[in-house]
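Taking it in order: structure first as structure tokens, then the write-up.
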Amino acid sequence: MSFPLLTATAALPAIGAIATAAVPAARRTAAKWLALIFSLATLVLAGVALARFEPGGARYQLTESHAWIKDFGVRYELGVDGIGVALMALTALLIPFVILAGWHDADPLETKSSRWRPTQGFFALILMVEAMVILSFEATDVFLFYILFEAMLIPMYFLIGGFGDRAHTGSDENAAAQRSYAAVKFLLYNLVGGLIMLAAVIGLYVVAGTFSLSEIAEARANGSLSMATSTERWLFLGFFFAFAVKAPLWPLHTWLPNAMGEATSPVAVLITAVVDKVGTFAMLRFCLQLFPEASKWATPVILVLALISIVYGALLAVGQRDIKRLIAYASISHFGFIILGIFAMTSQGQSGATLYMVNHGISTAALMLVAGFLITRRGSRLIADYGGVQKVAPVLAGTFLIGGLATLSLPGLSPFVSEFLVLVGTFSAYPAAGIVATIGIVLAALYVLVLYQRTMTGPVKAGVQGMADLKARELVVVLPLIALLIFLGVYPKPLTEIVNPAVQHTLSDVQKKDPQPEVEAAK
């Protein structure tokens, strides 16, 4: 029996979470190092999975299949396509940086109690989220995916509500109330989406008699499975609603600014760069593959919602006074681009959407983590409290600028490739939608450059004087992310070679081909 690489990649951080939580209260530093070691070991296994994946091979590779709940046809089935393995690698890559960036975020302000272990709990919860997200990218059984889709909400709830940002302007009681509100709102929105999805999962089993993606695909191919049009559309809506909440797509997005604003910066990265990617990934793996006709039927409405997300998120980002909420609204705009690329249903659009998921994760992590270092130094999230940072902390300002330029998709940085492909794919199928989407590019330049100007340039404000520049640990967090943004911006081929075959499979599922350009005959 071959080594269960996918199971091991997900199990390792789960084991790390248990081990970290068990570290004695007085040994906080040991707990941090243990969590970091387990995250690095997970990264190694994810790298092995990425190296063993063959882009031109079978659709799902490194597969595992075991009976789980026989009476209901539920199996423990795993497998990765190019999209899944890329997002699995992204998750494993980001978690060590999240841990390093949050090295002191959960240190207790008072150490009188020997029983309370907030540091151990903080890092254990991060590793548990990593395990569930990685396994969700690997799951090819619909019921298994649903369990993971819902279970990851529990550690995220405690990370948001129990370990909030310490930089706030109000009283401690007010800050705790805001964290609680953000955590409950996050949980309720996603639970409602999950409950609707559960009804659709049960409906799918009634129709198909199985939860296995491979068995459903085989049944479709040999004609033994057919869904009534109305049934397929209702099931599609049940799945899509849950994924649109997680993504998040307008108008189901309102939980994200609260959650990112009140969470610590590393947890904010965990939300938007890791957990939210499960929603857009699931649209490709489940919505388009299981319900191809319904996906095409819903495309016009989804494209409109994606365009609203792009413009609306960017407009609200322009008007923000809070640095973290600005980045949150920018992410809503970026997720609009991802969903636009998915439902443009062209090879360029879906390749761009997949690359966007990866590149947005890297760029948002770079920008948010540097913003977190900045906020920790000043003790405020308000843009108005900053000014002249580049004169006292030039390295911090420089890395902040590169993260911002990646967010606005500057050519030469990896998000540019993603955004360009999404727009090309959208223009070829829906020219009007492509034109509207370009408004988001203009607004992105506005909110990023204005943010940099107000915080980094001008006279040095009183609270900024004496601000320390980035330290060694912080440079270890930021510099590899910036290097990756530049490398994938100049040479995206390693990533495109992995995801393009999976995109072709998805287009084949929905029986879509790229529109052919109209060429006038030579006179």
So, Glu419 versus Tyr356: side-chain donor-acceptor pair below 3.5 Å or not? yes

In sequence, state the C-alpha distance, the side-chain angles, and the governing distance for Phe337 and Leu423, and then conclude on side-chain contact (heavy atoms from CB on, under 4.5 Å). CA-CA 8 Å; Phe337 275 106; Leu423 290 175; 4.0 Å; yes

Tyr205, OH atom: more than 12 neighbouring heavy atoms under 6.0 Å: yes

For His253 and Phe335: C-alpha separation, side-chain torsions, deciding distance, then whether ring pair (Phe, Tyr, Trp, His ring centres under 6.0 Å) applies. CA-CA 10 Å; His253 67 285; Phe335 275 103; over 10 Å; no

Do Leu135 and Leu78 make a side-chain contact, defined as non-hydrogen atoms from C-beta onward lying under 4.5 Å apart? yes

Does Thr42 reach the side chain of Ile134, with side-chain heavy atoms less than 4.5 Å apart? yes

Using a distance-only test with no angle check, is there a side-chain donor-acceptor pair under 3.5 angstrom linking Glu64 and Thr7? yes

Is any NZ, NE, NH1 or NH2 atom of the basic residue among Lys324 and Glu262 found under 4.0 Å from an Asp or Glu carboxylate oxygen of the other? no

Check the angle between the aromatic planes of Phe243 and Phe286 and answer parallel, tilted or perpendicular using the 30° and 60° thresholds. tilted

Regarding Ser212 and Asp141, do their side chains bring together a donor and an acceptor under 3.5 Å, going by distance alone? no

Please say whether more than 12 non-hydrogen atoms of neighbouring residues, nucleotides or ligands are located less than 6.0 Å from CD in Glu293. yes

Is it the case that more than 12 heavy atoms not belonging to Trp68 sit under 6.0 Å from its CH2 atom? yes

So Leu355 and Val422, do their side chains get closer than 4.5 Å, heavy atoms only? no

Start with the C-alpha gap between Thr364 and Thr407, add the side-chain angles, then the distance that decides, and say whether side-chain contact (heavy atoms from CB on, under 4.5 Å) holds. CA-CA 7 Å; Thr364 299; Thr407 298; 5.5 Å; no

Test ring pair (Phe, Tyr, Trp, His ring centres under 6.0 Å) on Phe291 and Phe240; report intermediate values, then the result. CA-CA 10 Å; Phe291 316 109; Phe240 181 80; over 10 Å; no

Full working for side-chain contact (heavy atoms from CB on, under 4.5 Å) between Leu290 and Val142: CA-CA 10 Å; Leu290 293 174; Val142 177; 4.2 Å; yes

For Arg454, does the CZ atom sit with more than 12 other heavy atoms under 6.0 Å from it, leaving out its own atoms? no

May I ask you to decide if the ring planes of Phe143 and Tyr146 are parallel, tilted or perpendicular, using 30° and 60° as cut-offs? tilted

Taking atom types as modelled and ignoring hydrogens, do the side chains of Tyr189 and Thr254 form a donor-acceptor contact shorter than 3.5 angstrom? yes

